[in-house]
Undergrad: 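Before anything else, here's the structure in question.
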2 protein chains.
Amino acid sequence: MTARLIDGTAVARAVRADVGRRVAELVAGGGTAPGLATVLIGDDPASEVYVRNKRRLCTEAGMADLHRHLPGDVDQATVAALLDELAADPEVSGILLQLPVPAHLDSEALLSHIPAEKDVDGLSTANAGLLAQGRPGLRPCTPAGVMALLADQDVALSGAEAVVVGRSVLVGRPMAQLLLAADATVTIAHSRTRDLAAVCRRADVLVVAAGIPGLVGADAVKPGATVIDVGIHRTEQGLRGDVDLDAVAAVAGAVTPVPGGVGPMTIAMLLANTLTAATVQQGRPSR
Amino acid sequence: MTARLIDGTAVARAVRADVGRRVAELVAGGGTAPGLATVLIGDDPASEVYVRNKRRLCTEAGMADLHRHLPGDVDQATVAALLDELAADPEVSGILLQLPVPAHLDSEALLSHIPAEKDVDGLSTANAGLLAQGRPGLRPCTPAGVMALLADQDVALSGAEAVVVGRSVLVGRPMAQLLLAADATVTIAHSRTRDLAAVCRRADVLVVAAGIPGLVGADAVKPGATVIDVGIHRTEQGLRGDVDLDAVAAVAGAVTPVPGGVGPMTIAMLLANTLTAATVQQGRPSR
């Protein structure tokens with residue numbers, strides 16, 4: 001068997017185009033274009049690239065780019081005051097503080113200045129609580145992107161066995177919650193799991209977010225399963241995921257490549273979250 | 001094989017005695033006795049019994065009983081104002097709004113007046129978020145009670161297969177998070193799970209909180225497993241749980257009876273939470 005490769009680049013493009021259409025509808029219906037305030041502190045080159053991409057795709061989707069750049073030696077109070085200003089500004093639908101911040105700043109304390117309804121990264125404790133209780137809220141972008149990929153592939157989740165490898169606050173834990181909300185029987189495996197391959201082999205849907213290159217091989221995959229690889233690692237052979245793609249593709253029904261799988265979904269879901277935030281803030285029915 | 005019966009009444013008594021000792025230590029060390037404000041609205045007989053038990057055990061543990069009773073026809077604003085008053089009162093370590101409240105009141109809106117640090121039920125969205133993110137906070141009493149039973153029985157959780165049946169906000173979901181925090185490989189099963197017995201048979205530790213009398217029989221239990229029954233149902237044969245106790249006792253290594261298993265733990269953990277809340281509020285190191 002040769003697995004279908006799931007084209008995350010194409011799905012992300014479709015999500016962004018859908019967001020763009022809905023932004024246009026919102027504006028045509030008398031609403032205000034959503035505004036995304038990316039906040040970058042200092043001049044870390046990788047962070048600059050990430051923020052530039054977010055701003056570009058935000059603009060392409062018809063949303064307002066409300067970027068703010070602060071010098072690397074800015075003090076905590078100044079950043080906090082900026083976040084408070086953005087929190088109070090009705091033009092700002094979503095606030096994204098680009099991490100990591102310089103070491104002299106307390107990122108946890110700064111993030112607490114972003115109100116839950118503008119937390120478009122979906123990583124605040126308030127949004128984690130809403131997700132854990134099955135209540136509406138902004139969902140973390142990467143796991144939300146995985147759900148969008150599964151939806152695009154028409155993967156049946158109700159009653160399916162889903163296994164999530166990894167229990168990070170950014171991916172594994174919210175991923176399990178989202179799969180549970182979709183009525184899957186969900187297992188979270190992690191570094192203490194005894195026979196990881198055996199646990200993974202139960203999965204109709206296997207999401208790997210362990211941060212270990214090539215962790216999951218063919219012996220860990222049920223024939224025909226859908227395998228989603230959230231890992232991304234720079235290796236001598238180029239970018240690689242947590243899944244041994246060549247080996248797994250011989251067993252799985254469908255698998256995401258790295259790069260070009262989950263990666264492009266994250267910004268697409270950030271834009272979708274910004275639109276959702278704006279829709280709620282403007283008192284319009286959200287989808 | 002005949003399973004060991006886990007004596008929740010005895011474990012709960014030991015937890016309460018420990019809380020009582022620590023309260024005495026806190027006071028002897030110059031701290032203030034923790035105060036629990038139970039808030040009862042109206043005169044539902046079952047609620048009155050629950051609140052009376054909580055108050056009695058609170059007093060027995062050396063804590064201040066700061067009970068408040070409101071008439072059944074009280075309006076929303078009056079209850080909200082009382083909760084705000086209790087939230088601001090330094091004598092009040094924990095606030096417990098007894099549910100259900102009369103139908104004309106909005107319980108969700110009322111619960112939002114209880115600050116996270118006084119939410120000794122551990123069921124607020126804020127505390128759910130802290131639990132989901134693996135951060136310190138007050139944990140829901142029933143799942144915390146299950147963890148205390150497992151600890152009392154010296155059940156090894158790291159790397160163990162744990163299965164939770166049921167995904168309620170009160171029990172199933174936080175239960176899964178607590179087992180995950182203890183390094184178990186955790187599966188959440190529920191009404192949509194396809195072969196429930198097969199999923200349950202994987203479990204070294206099986207926690208059943210499905211709300212269906214006798215749902216789990218011997219065919220769903222791995223020989224030697226520890227089985228915790230959170231269900232409680234009034235039947236013609238008396239109180240019964242979600243587990244068919246007679247059948248399961250022939251297979252399991254240990255099992256909680258109903259009554260006398262998980263039930264007594266809930267109030268014990270409420271008292272433990274009230275002590276924890278007081279300890280944090282008084283700026284003392286918590287255990």
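What you see is a predicted model, and the numbers here were worked out from it, not measured in a lab. The sequence lines fix the lettering, A, B, ..., with proteins before strands; numbering per chain opens at 1.
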Undergrad: Answer with side chain, backbone, both or neither: which region of B:R167 has an atom nearer than 4.5 Å to a non-hydrogen atom of chain A?
TA: side chain
Undergrad: For the candidates A:S191, A:A189, A:S158, which exhibits the highest count of non-hydrogen atom pairs separated by less than 4.5 Å from chain B?
TA: A:S158
Undergrad: If I measure from the heavy atoms of chain B, does A:A184 come under 4.5 Å with its side chain, its backbone, both, or neither?
TA: backbone
Undergrad: Which one of A:N127, A:V163, A:V186 has the most heavy-atom pairs closer than 4.5 Å to chain B?
TA: A:V186
Undergrad: Check each atom of B:S168 against the heavy atoms of chain A and say whether the ones under 4.5 Å are side chain, backbone, both or neither.
TA: neither
Undergrad: Report the option among A:V169, A:D195, A:L131 that has the most heavy-atom pairs separated by less than 4.5 Å from atoms of chain B.
TA: A:V169
Undergrad: What residue in B:A132, B:G134, B:A176 has the most heavy-atom pairs under 4.5 Å with chain A?
TA: B:A132
Undergrad: Do A:K118 side-chain atoms and A:I95 backbone N/O form a donor-acceptor pair below 3.5 Å?
TA: no
Undergrad: Among A:P174, A:S124, A:G137, which has the most heavy-atom pairs under 4.5 Å with chain B?
TA: A:S124
Undergrad: How long is the straight-line distance from NE2 of A:H233 back to CG of A:D242, given to the nearest 0.5 Å?
TA: 4.0 Å
Undergrad: Counting distance only, does the side-chain N/O of A:T256 pair as donor-acceptor with the main-chain N or O of A:D229 below 3.5 Å?
TA: yes
Undergrad: Contact part of A:V164 toward chain B, heavy-atom cut-off under 4.5 Å: side chain, backbone, both or neither?
TA: neither
Undergrad: To the nearest 0.5 Å, what is the distance between CG on A:L275 and CG on A:L36?
TA: 12.0 Å
Undergrad: Among A:A116, A:A160, A:A126, which residue has the highest count of heavy-atom pairs closer than 4.5 Å to chain B?
TA: A:A160
Undergrad: Donor-acceptor check, side chain of B:D244 to backbone of B:G214, threshold 3.5 angstrom: yes or no?
TA: no
Undergrad: Would the distance check show the side chain of B:Q281 and the main-chain N or O of B:E117 forming a donor-acceptor pair, the cut-off being under 3.5 Å?
TA: yes
Undergrad: So if I apply the side chain to side chain contact (heavy atoms under 4.5 Å, CB included) rule between B:C141 and each of B:I267, B:T266, B:L96, which one comes out positive?
TA: B:T266
